[in-house]
Amino acid sequence: MKVFKAGVVSVAIGLAAVGCAQTPKRSSLVVGESGCQSGRFDVYFVENQARLTDAAQLLLNTAAEKARQCRVAKVRVLGLADATGASEANMTLSQQRARAVAQALTRAGMPAPVFEVAAAGDAGAVTPSGQDELLRRRTEVIVEVAPR
């Protein structure tokens, strides 16, 4: 029984000594997660239009604001169109959509050294089984970033 008490006393003395030691600052122990992560998002459009909706503009403003805190390596914007209408018209529409998104990101302050802007038109808008690809009235935006 005495061995147990002696062990408890030595543990208590050890804890008291640790309690007296200077505690490091929390900021040196806790490292926050970086908000700079590469990612992909879609911007949707109304049928036969390349004009940004209010929701799309808000999304692009938010993306640009987040990216300002990062080192942006590249932004890729791919315009898409559905299979409705002539292929040439769909290619033109998807080009306009891609340019509209890239221009909106630039106006919002996206710090990208390089924008890759491309268009696919209605290529791939119909699946191999003949079904229309859903939600093709959009641009795909891929942002490659890293912490500063």
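- Linking ILVMFWY residues whenever their side-chain heavy atoms come closer than 4.5 Å, directly or via other members, places V117 and V145 in the same cluster.
- Annotation: the span from L59 atom CG to T53 atom OG1 amounts to 9.0 Å, rounded to 0.5 Å.
- For the atom pair CD (E144) and SG (C70), the distance works out to 13.0 Å, reported to the nearest 0.5 Å.
- Between P111 and R68, the shortest heavy-atom contact is CG-CA, 3.8 Å.
- Remark: L135 CG to F45 CZ distance equals 13.5 Å, nearest 0.5 Å.
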Working for side-chain contact (heavy atoms from CB on, under 4.5 Å), residues T106 and F115: CA-CA 9 Å; T106 300; F115 273 91; 3.5 Å; yes
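- For the residue pair P147 and C36, the shortest heavy atom distance occurs at N-CB, 3.7 Å.
- Applying the side chain to side chain contact (heavy atoms under 4.5 Å, CB included) test to R51 and every residue at least two apart in sequence or in another chain returns Q49.
- Side-chain atoms of R136 come within 3.5 Å of backbone N or O of G121 as a donor-acceptor pair.
- E47 is linked by a salt bridge (Lys or Arg N to Asp or Glu O under 4.0 Å) to R137, counting only residues two or more places apart in sequence or in another chain.
- Linking Ile, Leu, Val, Met, Phe, Trp and Tyr whenever their side-chain heavy atoms come within less than 4.5 Å leaves L80 and V46 in two separate clusters.
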Step-by-step side-chain contact (heavy atoms from CB on, under 4.5 Å) determination, I142 to V75: CA-CA 6 Å; I142 300 171; V75 178; over 6 Å; no
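- The shortest heavy-atom contact between A50 and A100 is O-CB, 3.6 Å.
- The two residues S94 and A120 come nearest to each other via the heavy atoms OG-N, 3.8 Å.
- Rounded to the nearest 0.5 angstrom, K66 NZ and Q37 CD are separated by 9.0 Å.
- A distance of 14.5 Å separates CD of Q103 from CE of M110, quoted to the nearest 0.5 Å.
- Listed for the D132 side chain is no donor-acceptor partner under 3.5 Å among the backbone atoms of A125.
- Partners of E116 under the side chain to side chain contact (heavy atoms under 4.5 Å, CB included) rule, at least two apart in sequence or in another chain, are K74, R76, V114.
- By the side chain to side chain contact (heavy atoms under 4.5 Å, CB included) test, A104 pairs with L52, Q57, L60, R107, sequence neighbours left out.
- Taken from CG in L78 to OG1 in T139, the straight-line distance is 8.0 Å, to the nearest 0.5 Å.
- Judged as a side chain to side chain donor-acceptor pair (under 3.5 Å), and not counting sequence neighbours, the contacts of R40 are D42, E140.
- For S87, the side chain to side chain contact (heavy atoms under 4.5 Å, CB included) partners are D122, not counting sequence neighbours.
- A continuous path of ILVMFWY side-chain contacts below 4.5 Å connects V77 to F41, so both sit in one hydrophobic cluster.
- Across L105 and A63, no two heavy atoms sit closer than the pair CD2-CB, 4.5 Å.
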